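Comments concern the structure below.
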Amino acid sequence: MQRSERSTHIPGKEKEVDIINIKGIEDIGYVQPDSILLNSIIPEENTGCQHGLYFQDGERRVDYILTYHVKKPSSSRSNRQSSCFTDNAFTRTLRRGTARLGRTTPQQPRSDLELASPDQTVDYHEDDKRFRREEFEGNLTDMGLELEKDEDTKTPGVGFVKIHAPWHVLCREAEFMKLKMPTKKVYEVKQSTGFGAKIHTLLKKATEPLHPNVEENRIHDVKHLSYAFSREKQHLFDLSDRDSFFDSKTRSSIVFEILKRTKCTKAKYSMGITSLLGHGVYTAAYPLHDGDVDGENVEPNDRKLLYEEWASYSVFYKYQPIGLVRKYFGEKIGLYFAWLGLYTQMLIPASLVGVIVFLYGCATVDDNIPSMEICHPKNNITMCPLCDRACSYWKLKEACGTARASHLFDNPATVFFSIFMALWAAMFMEHWKRRQMRLNYEWDLTGFEEEEDHPRAEYEFRVMQKSLKKDHSSVKKPTEIGEETTNKWKQTVQSAMAGLKLTEKEKLTCRDRFPAYMTNVVMMLLMIGVTFAIVFGVILYRISTNAALHLSNNPTTRSNVRLTVKTTAAIINLVVILILDEVYAAVARWLTVLEVPKTDKSFEERLIFKTFILKFVNAFTPIIYIAFFRGRLVGRPGSYLYVFESYRMEECAHGGCLMELCIQLSITMLGKQLIQNNLFEIGVPKLKKLIRYIKSKRRSFQEEEREKKLQRYETDHFLEPFAGLTPEYMEMIIQFGFVTLFVASFPLAPLFALLNNIIEIRLDAKKFVAELRRPVAARAKDIGIWYNLLRGVAKVAVIINAFVISFTSDFIPRLVYQYMYSQDGSMHGFVNHTLSFFNVSDFQEGKEPMDPMHLGYQVEMCRYKDYREPPWSNTPYVISKEFWAVLAARLAFVIVFQNVVMLMSDIVDWLIPDIPKDISIQIHKEKILMVDLFMKEEQGKRQFIESMTPAGGKDNRNNHTPIARSRSIPHTRSHTHANNF
């Protein structure tokens, strides 16, 4: 039964096929001429509906689409044509009459499903879905929406419900949602004056070619005064063009709000649109795109303009048209792209400074005394073996390349760069707060407060279950068990109705959620444990591969053991990270579903937090191990630390672990950006779209129908559903961690992030415009929990960089040697100072090298990197006093660096105001103008009332009646006028 209009049956003619509801269309305010009705009876391709953007009448715009599964006999499919207007009384009555004539037995009860054949069971479920759709669509009609169905499309097996919101519904819902709309009142936006304004004007002229060619991006000298829409104050707004007063983004968000509010109550429990989608009653729900982006004779539209000026790689150097993005997709998506654009702009100075630091390392590598001492041809220092048995003694000068490469990232400039990046992060956060306030003003979001969202369908279902369980336990008696079996249906309905009443009072408590909370804690710890286990597995791989390669007969292989092991281990880590990212995303969603959050906002925040924790641990655990643990749990020659009694813990190269940390960071960061962020984002949506299209073709289109143009709602049906902004934000937050957390070891990270983001912006833009269904516009005044995560990462970055400089690099040991132990205040002798002596006769039995004559002579003493007493001292191999001096200096540096940088960040935060001065002035000016506007309106009302009052002919008692009448006249007229539309 179709429910685009209400209908009643003539008693006694239930099984007749009569045109009894031909005038039912009048109920929604549109009386169709006979010609249109005839065209509806014999449907043809109608170009008046503009390829699916309008109803069949060509006047009512499609604001939203619901799709559902249609099961039809294949024999009749080829004889039916597609129609843009199938939801009329005649065709609906034909369908209903045919179904009734074909049904000889009543609907099979639920309790007899076991006795029914599989086909009958499937039919029962299809009928159940159809009845729920009918009820839901009937409730939508009661809410004032207008529906039109199309089941005879060129997309086999899919029916479409087109939804249109008439004017009075838009006005009512805009008032309920407190939407700010522009009034007739305009005021001049005064530009700032002075020296700063002149510089701003010059910069504006210089960057003019970088601005996109869209109207919404231009700065206007006047601005409309905005006010929350009210039906009683419609005269304040410019309603000369009602078709464009509410744009397509606003119309779809209003319809979505109604869809969320509307429920199916005749089922066992209340079902909203989310539950209906989850149970397969509807297969999809989405607003339509404005039109095509390419092709011949494509009419100009916002989507096409976005595709040309935003989603094209040829305009990568231009600013984003954020105003048009907000107009088309809504404030929430607009804020994401505004944040991404600002983040990318802020990466430019960070990249320049990082490149300068790297070039400084390249320029000073030949002047670095420690690396010069290592690479000196006369260097005759013999080093202890790097592994047991398979490895032999080696010369320190063999580490010349590693030492020189380490200086590129381990030099005094990296300390300055770490301080700079900490201040950069603070300035970025403050700049974003100012940018956010400016957008709030431009987008009329000042004073906007998010209201309590509707409860999620899963939450309502759980509360219903709890209510029914409590109701059963309190009402049910033993004597009623026999009566329960005889009147089961009645009792179920009564219980459901009782549960609906209890739902308003009941709620899920911590006790109800305790099992879910415990599951969350256990699973989160388990997933983190899995990450640690995999990192430990990679460590074992490095240790075993290192020993195996040293046994190789190929001299080239033996000479490149370290590089081979480092690179392959980093690639293995990357692959594992990419796989676990997908697993952890699914686990985080499953854990969040178990918690049954009340609202969508609560669900999203819990999901984001869990996903961030798991992905952060997954991405940075291997890096943290290399930075802070590798080479510190080794032991010394003759007393090494072993894993499983056979695997000796790995050591850092002589130049320190910073070079290995840089390799791990670069491979992980670049791999995630190239493979996960770009390749997956391009390839996966296209692959899914291709699969859906192939499946649709396999359902046997007619050859001539394939060549016909699909309707807009059919084309959008093949696009990928919008999955939210969480994946987009998450990859950028993880990238922000790579840029800030270990920037002391990898100063080129901002540059790689900048290059990635230039592509990422256009890639995301193309995905939103051309690859995804149009998202429902959502209002938001900030980026929510993501800002708190950014601040947290920025604070942690200061601490981690302090430890990287202090413990991972040789910056502090060099300073201690230069100012405490050097004879002439230079770095000469630093390498020898950091090496301890070991007597080869003290090797454990079975751990000495198999080829002790590898260097051509007998070795009696070898050196290793540590601060320990020599074997000839009274306390051989005991930690020396130099170690404690260096450790004290390291800890002191961490404390001083952390507090100084935190203080400087707080000073930056305090110096930069959150609200720009000009925006603060304009907001204050708007408030004054709004008060003046209402004062003038009140004065106008008073003068009108006084003019309506007879002069001197009435006493005070009679003066009350005209005043009351005059006040009611405008309201009555406005109300009547609104209802007519």
Side-chain angles (χ1 to χ4, degrees), residues 256 260 272-275 277-278 285 330-333 335-336 339-340 450 452-463 507-508 510 512-528 530-531 577-620 672 676-677 680-681 684 720-737 764 768 772 775-776 778-780 782-793:
F256 181 68
K260 289 197 298 183
I273 184 62
T274 308
S275 296
L277 288 169
E331 287 79 7
K332 195 170 185 177
I333 294 177
L335 281 173
Y336 163 71
W339 174 84
L340 181 57
E450 293 186 11
E452 183 69 18
D453 201 359
H454 299 285
R456 298 174 62 246
E458 292 82 357
Y459 179 84
E460 290 182 336
F461 178 59
R462 284 289 298 275
V463 173
K507 63 179 182 179
L508 295 182
C510 291
D512 300 323
R513 291 193 174 104
F514 183 74
Y517 290 154
M518 290 302 298
T519 305
N520 271 260
V521 173
V522 172
M523 287 298 298
M524 292 285 286
L525 293 177
L526 177 62
M527 293 297 103
I528 293 174
V530 168
T531 303
I577 287 171
L578 294 178
I579 295 173
L580 287 185
D581 267 355
E582 302 302 319
V583 175
Y584 287 165
V587 170
R589 177 167 290 277
W590 173 65
L591 292 176
T592 309
V593 170
L594 284 182
E595 289 186 47
V596 196
K598 183 176 181 180
T599 62
D600 287 330
K601 182 180 179 181
S602 176
F603 181 90
E604 184 181 24
E605 289 180 348
R606 292 170 188 243
L607 175 62
I608 289 170
F609 181 74
K610 292 182 185 65
T611 308
F612 173 74
I613 293 295
L614 292 176
K615 290 195 173 186
F616 187 87
V617 171
N618 183 37
F620 291 102
K672 277 181 66 67
Q676 190 177 44
N677 299 353
F680 283 4
E681 287 190 10
V684 173
E720 183 74 10
F722 174 63
L725 289 171
T726 299
E728 315 299 333
Y729 272 116
M730 189 63 67
E731 66 184 60
M732 288 296 109
I733 296 294
I734 298 297
Q735 185 200 86
F736 184 77
D764 283 349
F768 273 81
L772 296 179
V776 179
R779 288 188 296 171
D782 52 42
I783 59 175
I785 191 176
W786 299 109
Y787 182 80
N788 298 328
L789 293 178
L790 283 170
R791 287 189 66 88
V793 171

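As the structure is a computational prediction, the values presented were derived from the model and not from experiment.
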Test log, rule side-chain contact (heavy atoms from CB on, under 4.5 Å), inputs M732 and F736
CA-CA 6 Å; M732 288 296 109; F736 184 77; over 6 Å; no
Evaluation steps, salt bridge (charged side-chain N to carboxylate O under 4.0 Å, His left out), between K610 and E595:
CA-CA 12 Å; K610 292 182 185 65; E595 289 186 47; 2.4 Å; yes
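Nearest heavy-atom pair across P775 and I333 is CG-CD1, 3.6 Å. Closest non-hydrogen pair, R513 versus K598, comes out as NH2-N, 4.1 Å.
Two residues are said to be in side-chain contact when any heavy atoms from C-beta on lie closer than 4.5 Å; I577 and F620 fail this criterion.
Atoms CD1 and OG1, on I733 and T726 in that order, are 11.0 Å from each other to the nearest 0.5 Å. Atoms NZ and CD1, on K615 and I608 in that order, are 11.5 Å from each other to the nearest 0.5 Å. Distance check, rounded to the nearest 0.5 Å: CG of L789 to CE of M730 gives 7.0 Å. In this structure, CD1 on I734 lies 10.0 Å from OG1 on T611, to the nearest 0.5 angstrom. I613 contributes atom CD1, which lies 6.0 Å from atom CE of M524 (distance to the nearest 0.5 angstrom). A distance of 11.0 Å separates OG1 in T592 from CZ in F609, rounded to the nearest 0.5 Å.
With sequence neighbours left out, the ring pair (Phe, Tyr, Trp, His ring centres under 6.0 Å) criterion links Y729 to Y336, W339, W786. Partners of T274 according to the side chain to side chain donor-acceptor pair (under 3.5 Å) rule, which considers only residues two or more places apart in sequence or in another chain, do not exist here. With sequence neighbours excluded, the residues satisfying ring pair (Phe, Tyr, Trp, His ring centres under 6.0 Å) with F722 are F768. Applying the side-chain contact (heavy atoms from CB on, under 4.5 Å) criterion to D512, with sequence neighbours excluded, gives K466, L508, T509.
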Quiz: residues 514-522 side-chain donor-acceptor pairs under 3.5 angstrom, not counting sequence neighbours:
| from | atom 1 | to | atom 2 | distance (Å) |
| --- | --- | --- | --- | --- |
| T519 | OG1 | P515 | O | 2.8 |
| N520 | ND2 | A516 | O | 2.7 |
| N520 | ND2 | L591 | O | 3.3 |

Side-chain atoms of residues 580-590: list all donor-acceptor pairs with protein atoms under 3.5 Å, sequence neighbours left out, distances to 0.1 Å.
| from | atom 1 | to | atom 2 | distance (Å) |
| --- | --- | --- | --- | --- |
| D581 | OD1 | N618 | ND2 | 3.0 |
| D581 | OD2 | K672 | NZ | 2.8 |
| D581 | OD2 | Q676 | NE2 | 3.1 |
| Y584 | OH | M527 | O | 2.8 |
| Y584 | OH | T531 | OG1 | 2.6 |

